[in-house]
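What follows is a short report on a single structure.
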Number of protein chains: 2
Amino acid sequence: MTQSLTLHKDLRQNHRKLTRARQAVLAIVTDAQRHLTPAEIYRKAKIKYPHLGLTTVYRTLDLLAELGYIQRVHAVEGCHSYAPTAQTHGHHLVCATCGRAEEFTDCDLESLIQSLQVRTGFEINVHMLELMGRCPDCRAPARARKRKTPRGKA
Amino acid sequence: MTQSLTLHKDLRQNHRKLTRARQAVLAIVTDAQRHLTPAEIYRKAKIKYPHLGLTTVYRTLDLLAELGYIQRVHAVEGCHSYAPTAQTHGHHLVCATCGRAEEFTDCDLESLIQSLQVRTGFEINVHMLELMGRCPDCRAPARARKRKTPRGKA
DNA sequence: GCGTAATTGAAAATCATTTTCATTTAGAAA
DNA sequence: TTTCTAAATGAAAATGATTTTCAATTACGC
């Protein structure tokens, strides 16, 4: 709604149009509780707007990410998922079992970055921090059920 | 060399064989100064061992990662690259310009993880931290030359 | 409303990855 | 060393994800 208005303005500034496809895609990503893959977004958005094509989803995700409305999420699995920007002001805490993601902003890496800059001579300007584990919901039944196969290296 | 011996032992324990293909792939990743994609590894390893097939590279990368000899790297670009484990005891500092990667181990996230665990109820057991910026080499000439295009789509 | 550039979706093309399968090979045992 | 067999291999095909092409459609400034 309000977001659509802002988007409309942002698009106009670049001589671009606010289409139903773009609204549908943005709505899906914005309302999602967790990051979604392009295919998932396509499936969900197609319900709102059945005429939608997968190609357009890819193009729209690129566009929205460029404009800063959504963000690419890099998790261990699902390298190319997307999450609304609001949800990603900072970093992710992703549940390895159900994919639910919490975000947090306080990452306090300043001192680390400072010392690394001095030590390495790099100029550091981006950082990506992703934490993974199990959310409360997935931890609870885990005690009762059999544990998931560790699929570990050993 | 020494690494090959260790690998041989590790493989034997799992009833697996030390093949020329595996040696070639491991050598390439181990000697790399930055993380490489499967295709890059294939191209380079094929020089050492021309008979090598791409399929085998994929299978070998999985195996070596499982055994802990190499690690998957998740950077903003190149979601499925690999780096030697030695280089990734901790985290990466990647140069956005030339791709050169430094690694560091002191990440000091314990207090952050602690407080997040309490706050969210998550059990946190993995973290991924990647810093990006420009390395000294790429910074130096930057002052003299024109700055690189910011790589925006617009 | 009109005109036009931007956008679209379907299909084809491309690219990365996995599977299949007949052949080859490492390495344990003789 | 030779023999034997399970493990590993590479080529080709299959699969999946993403991008390109292009003619048709649509948003929106006029």
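We name chains A, B, ... by the order of the sequence lines, and we start the count at 1 in each one. What you see is a predicted model; the values in this text were computed from it and never measured.
Residues that satisfy the side chain to side chain donor-acceptor pair (under 3.5 Å) test with Y42(B), not counting sequence neighbours, are K46(B). Under the rule for a salt bridge (Lys or Arg N to Asp or Glu O under 4.0 Å), the partners of D62(B) that lie at least two apart in sequence or sit in another chain are R72(B). R43(B) meets the side chain to side chain contact (heavy atoms under 4.5 Å, CB included) test with E40(B); sequence neighbours excluded. Partners of R20(A) by side chain to side chain contact (heavy atoms under 4.5 Å, CB included), not counting sequence neighbours, listed by chain and number: Y49(A). A search for side chain to side chain contact (heavy atoms under 4.5 Å, CB included) contacts involving T19(B) returns K17(B), A21(B), R22(B), not counting sequence neighbours.
Contact check of residues 41-48 of chain B against DNA chain C (heavy atom, cut-off under 4.0 Å) returns no residues at all.
One can place NZ of K9(B) at 15 Å from P of dG27(C), the figure rounded to the nearest angstrom. At whole-Å resolution of the value, CG in L7(B) and P in dG27(C) are 10 Å apart. Distance H80(A) NE2 to dC15(C) P: 16 Å, rounded to the nearest Å. Atoms CG (L11(A)) and P (dT8(C)) sit 10 Å apart, rounded to a whole Å. For the pair L52(B) CG and dA8(D) P, the computed distance is 15 Å after rounding to whole Å.
Interatomic distance, OG1 of T60(A) versus CG of L26(A), reported as 10.0 Å (0.5 Å rounding).
Judged by closest nucleotide on DNA chain D, H15(B) is the one of T56(B) and H15(B) placed further toward the 5' end. Where L54(A) and L63(A) meet DNA chain C, the nucleotide closest to each residue was compared, and L63(A) sits on the side nearer the 5' end.
With hydrogens and angles ignored, the 3.5 Å screen pairs a side-chain donor or acceptor of Q117(A) with a backbone N or O of I124(A). Side chain of Q71(B) to main chain of Y82(B): no donor-acceptor pair is present (N/O by atom type, distance under 3.5 Å, no hydrogens or angles).
Between Y58(B) and dT17(C) there is a side-chain polar atom (N or O) within less than 4.0 angstrom of OP1 or OP2.
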Within the 4.0 Å limit for protein heavy atoms, which parts of nucleotides 20-30 of chain D are touched? Write it as a string from 5' to 3', B for base, S for sugar-phosphate only, - for none.
BB----BBSS-

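Counting all heavy atoms, side chain and backbone alike, T37(A) lies closest to S81(A) at CG2-OG, 3.7 Å.
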